[in-house]
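Each chain gets a letter, A, B and so on, in the order the sequences are listed, and its residues count up from 1. No hydrogens, no waters, no symmetry mates; every other heavy atom, side chains included, goes into these values.
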2 protein chains.
Amino acid sequence: MTETPKQTVPVERLRHGDLGDDLSFLLARANALSVSAANTALAAFDLKVRSYSVLALVVGDERPSQRELAEFLRLDPSQVVALVDDLERRGLATRLPDESDRRAKVIVGTTAGRELFAVARRATQRAELEVHSALSAKERELLADTLRRIAYPR
Amino acid sequence: MTETPKQTVPVERLRHGDLGDDLSFLLARANALSVSAANTALAAFDLKVRSYSVLALVVGDERPSQRELAEFLRLDPSQVVALVDDLERRGLATRLPDESDRRAKVIVGTTAGRELFAVARRATQRAELEVHSALSAKERELLADTLRRIAYPR
DNA sequence: TATTGTTATACTCTATAACTATA
DNA sequence: TATAGTTATAGAGTATAACAATA
């Protein structure tokens, strides 16, 4: 195997049409490429974008509850249970009782969790850079600003 | 019900961190919002983004084969079978034999398919505009150009 | 031998409802 | 009554392997 042909004929043939130029479709396709690159990079750490995202939110000092994780990641609370279960089983995060609300549990990353996140983060950022390699640093910055306005509507 | 609060507390609290500013995450979140808006709009026509995408590619005059559809949409050929089955069952598309390759089948939209696509397209474009309402026409144009470079790498 | 479409199957993801303990 | 977390379950989406017909 010498060079993997990233772009083959059908894509060229079909991309010019109602769909291929649609903003939502471009968003979806760019995201699909980005997600599969990230998942490939994360596989080495037994993580996926989902579990990596939870880990990322949990190793900071925001100390989110499961409900907050669910809302931010647009997941059902029951899905977050499974994700946190997994991280907890692997010693990467812990459930702590919320002092002010005894129903709620605050999720915090362990030292092992922080360490794994650090290396996983470097790997995903490398993969991400690859996916966005067609863009300059300035263009990436601008793209992030634009996407932020869509991702966090008021 | 007067005004649905689109943005609640946890999102504000968590969006400033390693994850919330990550380009890939912003892409994923923007796409999630876009997809769910599109699916809501398409539900009225018994379509989803998947089936709508196939329909869109099939009502033009590119006459793609199933393999081409699979490759362009980044789906497994077996998934395309199910999608085309559904469109065919509903009289929106037909499988025609490819003259030059008797293994392949060319998928073409029927008149009903073209008509449904036309109205569904208006609905999705309305929904899309809603999602991207924070952006000006010029910004949307620029965003499309940028995403195209990620979505169709060379 | 390789490829197109197909079938079957298993696995993951997602959505929903119901339950408990707290508020 | 409502909310946080949990459990169970069913449905949708995804990935894989194997097959027939054709190249």
Residues two or more places apart in sequence or in another chain: which of them pass side chain to side chain contact (heavy atoms under 4.5 Å, CB included) with B:Ala28? A:Asn31
Pick from B:Tyr52, B:Phe72, B:Tyr152: which one makes a ring-ring contact (aromatic ring centres under 6.0 Å, His included) with A:Phe25? B:Phe72
Rounding to an integer number of Å, can you tell me how far [X] [atom1] sits from [N] [atom2]?
| X | N | atom1 | atom2 | answer |
| --- | --- | --- | --- | --- |
| A:Gln66 | D:dT3 | CD | P | 17 Å |
| A:Asp76 | D:dA8 | CG | P | 16 Å |
| B:Glu68 | C:dG5 | CD | C1' | 14 Å |
| A:Ile107 | D:dA4 | CD1 | C1' | 11 Å |
| B:Arg67 | C:dA2 | CZ | C1' | 12 Å |
| A:Leu75 | D:dA4 | CG | C1' | 16 Å |
| A:Asp98 | D:dG5 | CG | P | 9 Å |

Determine whether more than 12 heavy atoms belonging to other residues, nucleotides or ligands lie under 6.0 Å from atom CZ of A:Arg63. no
Has [X] got a side-chain atom pairing as donor or acceptor with [Y]'s backbone, closer than 3.5 angstrom?
| X | Y | value |
| --- | --- | --- |
| A:Arg29 | B:Ala151 | yes |
| B:Thr110 | B:Leu92 | yes |
| B:Arg140 | B:His132 | yes |

Got a sec, which hydrophobics cluster with B:Leu33, joining ILVMFWY side chains under 4.5 Å apart, including via others? none
For A:Val108, the other hydrophobic cluster members (4.5 Å side-chain criterion, sorted by chain and number) are A:Leu96, A:Val106
Protein and nucleotides 9-12 of chain D: nitrogen or oxygen contacts under 3.5 angstrom:
residue: D:dA12; atom: O3'; partner: B:Lys48; partner atom: NZ; Å: 3.4

Indicate yes or no: does B:Arg102 engage B:Asp98 in a salt bridge with an N to O separation below 4.0 Å. no
Residues B:Glu62 and A:Arg13 bridged, charged N to O under 4.0 Å: no
Selection: residues 77-87 of chain B, any non-hydrogen atom under 4.0 Å of DNA chain C: B:Pro77, B:Ser78, B:Val81
Listing time: all N or O pairs from protein to nucleotides 19-23 of chain D that are below 3.5 Å?
residue: D:dA23; atom: OP1; partner: B:Arg102; partner atom: N; Å: 2.9

Is any side-chain heavy atom of B:Leu19 less than 4.5 Å from a side-chain heavy atom of A:Val59? no
Would you say D:dT6 has OP1 or OP2 under 4.0 Å from some side-chain N or O of A:Arg95? yes
